[in-house]
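Letters A, B, ... are given to chains in the order of the sequence lines, protein chains preceding strands, and every chain is numbered from 1. Since the model is a prediction, treat every value here as computed from it, not as a measurement.
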Amino acid sequence: MTRAFSSTSRLRLYSPSLHARVRPEVHGCMSSPVRVRFAPSPTGLLHVGGARTALFNWLLAHGQASREEREGAFVLRIEDTDRNRLVEGAEAGILDVLGWFGLTWDEGPDVGGPYGPYRQSERTALYREAAERLVAEGKAYHCFCSPERLQRLREEQSARKEPPGYDRHCRDLPAETVAANLAQGLPSVIRFKMPRTGETIVRDLLRGPITYQNVTLEDLVLLKSDGYPTYHLANVVDDRAMRISHILRGEEWIPTAPVHLQLYAAFGWEPPAYAHMPLILAPGGGKLSKRHGSTSMEEFRAQGYLPEALMNYLALLGWSYDGTTEIFSKQDLLDKFTLERVNPSPGTFDYAKLTWFNAYYINHILTPEDLTARLMPFLAEAGLVDPAAVADAGHPDRARVRPAATLLKDRLETLAQGPDMLGYFLTEDLPPYDAALLVPKKMTAAEVLTALEAVARMLPEADLNDEAASEARFRALADELGLKAGQLFMPIRVAVTGRTQSPGLFETMRVIGARRCVERVDRAIAALRAVAADPATA
RNA sequence: GCCCCCAUAGUCUAGCGGCCCAGGACGUCACCCUUUCAAGGUGAAGAUCGCGGGUUCGAAUCCCGCUGGGGGUACCA
């Protein structure tokens, strides 16, 4: 890959003044605050790509900036200017899942801040004022073209194989016409008067300069006919008003950057620094969509992924520290993240690797106590524990779950597997046995029956709390029966758990408890007798 | 079509001119451990560094072209 900057031109943290001519005193501004923003649109669930962008923003402001002794602020702004695509509850959902993810914001719609309000629908006067200022200065104009005309225009252009785009029909309308149309109340939008000559250079922090010929840039709509601003206007006005120093956003925004730069120029404002984060692609290529699996943070949460595992995975999708270290706690990321080490090439989302991280955190990082707590909502949902125990660490159901969680810790990949994998520890009665599972390969039902009957006889006098002792007794029993240990253990395992896979047999029986073990072995014997009596299955 | 971005194993990546006939991780396979399944341990396969030209004593690393992949092309963000 190409590194955009040589070692001499690479700054530790880039300054907005990069957009001006490179100035030697740039180092003098090193203590200027780093203010970044994450600006989701409340149109649905939070996409993992958006979450990663939010993460990188947050790490820049709270990690890298503070290490460089610069003031850092992570601002959350809601871009709800599309009244048609607005989804009720989406904003609350995004805030909630961002909090679950582990990010904290210094300013935002819920916590306020010095540059509020942080919801664009509450700032419309600002945008109108800004747009009208540009109109007054001759840098923007009213456009009365109907959506139908624009639609027709695009169709004609594509039929003639011309690049689609607005034909600037209203750009030079006589002032009297404009005044008359407005007086008449004709619906209109305000468009930006893009310079027709020259070039605009976007200095992307990860890619270096990207040059655009201004002729290829469009007269974009700034203010829609419903009075709401488009993304372009709102974004520039707000980033200025909120003193945003660095814009970290998805790569899909690169084509709009020159337009935004021209807007800053028209307003006479110095633009912030830009860094476009690489896209996250789907396994087969293209955008990550439902077809490939989960795409939203909400789904990953529901599937039992831990926020710290997801954060670790997402951070490493596009960023690396030394190419070798894989496990990063949130604090590690704050300590080590640098924007310079974000890789500009797009990455493919790998569900298997995410699952590995999740399993790693469950198996090696969470304490049994912590795992228990996180399992509770999933177990309650499945009806295996009292819902009251989800929030109550002292609830007796916690004590029932903890030993089971301890045994399953190395086997769980996601929390959502909890109900299935811990179920037999938490229920009184097992579902009916699958007789085939009770009889291991190379053994007959009759042999197993004999073995289990022997087990049933010795079980009441075995002390299951002493695992070593009970293991010794059962091994001795296997010898007496002329069986290998495994041949005896498997039927017992199936009898007490209902399945062929479980933690070690003796720790499993200890946690299930003597009473239930006895009952389950008896029921397994009954099930086996029923099978043995049926000639069809013998 | 036009504009733009990207390009090291199936995937995520290290690599900033010699230490690289390319290192780590996921996945895959084998073996060890073992009462099952995991976890853990050991090892293996897997990359003509997309292709072609340059520059250089020397290129995965710099330059150009090509190809491929991706993004944008709305009164959506």
For atom CD of A:Glu252 and atom P of B:G71, their distance in whole Å = 10 Å

message = Tell me whether the side-chain N/O atoms of A:His364 come closer than 4.0 Å to OP1 or OP2 in B:G40.
response = yes

inquiry  = So A:Val221, base contact, sugar-phosphate only, or nothing? Heavy-atom distance under 4.0 Å.
reply    = sugar-phosphate

query = Taking for each residue the nucleotide of RNA chain B with the nearest heavy atom, is it A:Pro278 or A:Thr81 whose nucleotide lies nearer the 5' end?
reply = A:Pro278

message = Measuring from the side chain of A:Val189 (C-beta onward, heavy atoms only), which nucleotide among B:U35, B:U36, B:C75 has the closest atom?
response = B:C75

query = Which of these nucleotides, B:C26, B:U13, B:U36, is closest to any side-chain atom of A:Ala352?
reply = B:C26

request  = Can you figure out which of B:C26, B:U35, B:A74 approaches the side chain of A:Phe489 most closely?
outcome  = B:U35

ask   = What interatomic distance, in whole Å, is found between P of B:U48 and the corresponding atom of B:U61?
value = 15 Å

inquiry  = Ring-plane angle category for A:His142 and A:Phe144, please: parallel below 30°, perpendicular beyond 60°, tilted otherwise.
reply    = parallel

query = Do you know which two heavy atoms are closest between A:Gln157 and A:Gly165, and how far apart they sit?
reply = NE2-O, 2.8 Å

inquiry  = Looking at A:Arg77 and A:Asp239, is there a salt bridge between them, counting it only when a charged N and a carboxylate O are closer than 4.0 Å?
reply    = yes

ask   = Reckon A:Pro346 touches a base, only the sugar-phosphate, or nothing at all at heavy-atom distances under 4.0 Å?
value = sugar-phosphate

query = Between A:Phe349 and A:Phe300, how do the two ring planes meet: parallel, tilted or perpendicular, split at 30° and 60°?
reply = tilted

request  = May I ask you to say what A:Arg499 touches in the nucleic acid, namely base, sugar-phosphate or nothing, with a heavy-atom cut-off under 4.0 Å?
outcome  = nothing

remark   = Considering only heavy side-chain atoms of A:Lys353, the closest of B:A74, B:A77, B:G24 is B:G24

request  = Spell out yes or no: do the side chain of A:Arg411 and the base of B:C37 have one donor N/O and one acceptor N/O closer than 3.5 Å?
outcome  = yes

request  = Take A:Asp82 and A:Met490, find for each the nucleotide of RNA chain B with the closest heavy atom, and name the residue whose nucleotide sits nearer the 5' end.
outcome  = A:Met490

remark   = A:Leu316 CG to B:U11 P, in whole Å, measures 17 Å

ask   = Base, sugar-phosphate, or nothing: which does A:Lys484 touch, judged by heavy atoms less than 4.0 Å apart?
value = nothing

message = For the C1' atoms, the ones on B:U34 and on B:G40, what distance do you get once it is rounded to whole angstrom?
response = 12 Å

message = If I take atom CG in residue A:Leu45 and atom P in nucleotide B:A77, what distance separates them, rounded to the nearest angstrom?
response = 19 Å

task = Find the distance A:Phe357:CZ to B:G27:C1' and express it as a whole number of Å.
result = 13 Å

Span that lies between the P atom of B:A74 and that of B:C16, in whole angstrom = 42 Å

ask   = Nearest of B:C26, B:A38, B:C3 to any side-chain atom of A:Asp410?
value = B:A38

query = Under 4.0 angstrom, heavy atoms only, what part of the nucleic acid is A:Phe506 near: base, sugar-phosphate, or nothing?
reply = base

task = Consider the side chain of A:Glu251, meaning its heavy atoms from C-beta on, and name the nucleotide among B:C4, B:C5, B:C26 that approaches it most closely.
result = B:C5

inquiry  = Angle between ring planes, A:Phe328 versus A:Tyr321, binned at 30° and 60°: parallel, tilted or perpendicular?
reply    = perpendicular

ask   = Are any of the side-chain nitrogens in A:Asp80 or A:Arg123 under 4.0 Å away from the carboxylate oxygens of its partner?
value = no

key: Nucleotide opposite B:G40 in a Watson-Crick or G-U pair, distances under 3.5 Å   = B:C32

Integer angstrom distance from the C1' of B:C64 to that of B:C2 = 23 Å

query = What integer number of Å spans the C1' atoms of B:C62 and B:G18?
reply = 15 Å

task = Choose from B:G24, B:A39, B:C75 the nucleotide whose nearest atom is closest to any side-chain atom of A:Thr230.
result = B:C75

ask   = Is the closest basic N to carboxylate O distance between A:Lys353 and A:Glu326 below 4.0 Å?
value = yes

ask   = Closest to the A:Leu281 side chain: B:G70, B:U35, B:A39?
value = B:G70

query = Under the 3.5 Å rule, do the base of B:C75 and the side chain of A:Ser225 count as making a donor-acceptor pair?
reply = yes

query = Could you state the NE2-C1' distance from A:His276 to B:A77, rounded to the nearest angstrom?
reply = 13 Å

task = Identify which nucleotide among B:C5, B:C3, B:A14 has an atom closest to any side-chain atom of A:Ser320, counting heavy atoms from C-beta outward.
result = B:A14

ask   = Would you call the rings of A:Phe506 and A:Phe489 parallel, tilted or perpendicular if under 30° counts as parallel and over 60° as perpendicular?
value = perpendicular

request  = Search all heavy atoms of A:His276 against all heavy atoms of A:Gly250 and return the closest pair with its distance.
outcome  = CD2-O, 3.5 Å

ask   = Looking across every strand, which nucleic acid part, if any, lies under 4.0 Å from A:Gly250 by heavy atom: base, sugar-phosphate, or nothing?
value = nothing

query = Is the closest side-chain donor-acceptor distance between A:Asp238 and A:Tyr118 under 3.5 Å?
reply = no

inquiry  = Distance check, P atoms only: B:G68 and B:G52, in whole angstrom units.
reply    = 16 Å

key: Rounded distance (Å) that lies between atom C1' of B:G1 and atom CD of A:Glu155   = 17 Å

request  = Determine the interatomic distance between C1' on B:A45 and the same-named atom on B:A30; round to the nearest Å.
outcome  = 10 Å

request  = Determine the contact category for A:Leu505: base if any of its heavy atoms lies under 4.0 Å from a base atom, sugar-phosphate if only primed atoms, P, OP1 or OP2 are that close, otherwise nothing.
outcome  = base

query = In the structure shown, which nucleotide is the Watson-Crick or G-U wobble counterpart of B:G50, with both distances under 3.5 Å?
reply = B:C66

task = Check every strand shown and say whether A:Pro258 touches a base, only sugar-phosphate, or nothing at a heavy-atom separation below 4.0 Å.
result = nothing

message = Between B:A39 and A:Lys409, counting only base atoms on the nucleotide and side-chain atoms on the residue, is there a donor-acceptor pair under 3.5 Å?
response = no

Spacing of the P atoms in B:G24 and B:U42 (rounded, Å) = 13 Å

ask   = When the distance from CZ of A:Arg83 to P of B:C75 is rounded to whole Å, what number comes out?
value = 19 Å

query = Picking from B:C6, B:G72, B:C4, which would you name as closest to the side chain of A:Ile254?
reply = B:C4

task = With a 4.0 Å heavy-atom cut-off, tell me which residues in residues 119-128 of chain A come close to RNA chain B, sorted by residue number.
result = none

request  = Write down the distance between CE (A:Met421) and C1' (B:A38), rounded to a whole number of angstrom.
outcome  = 7 Å

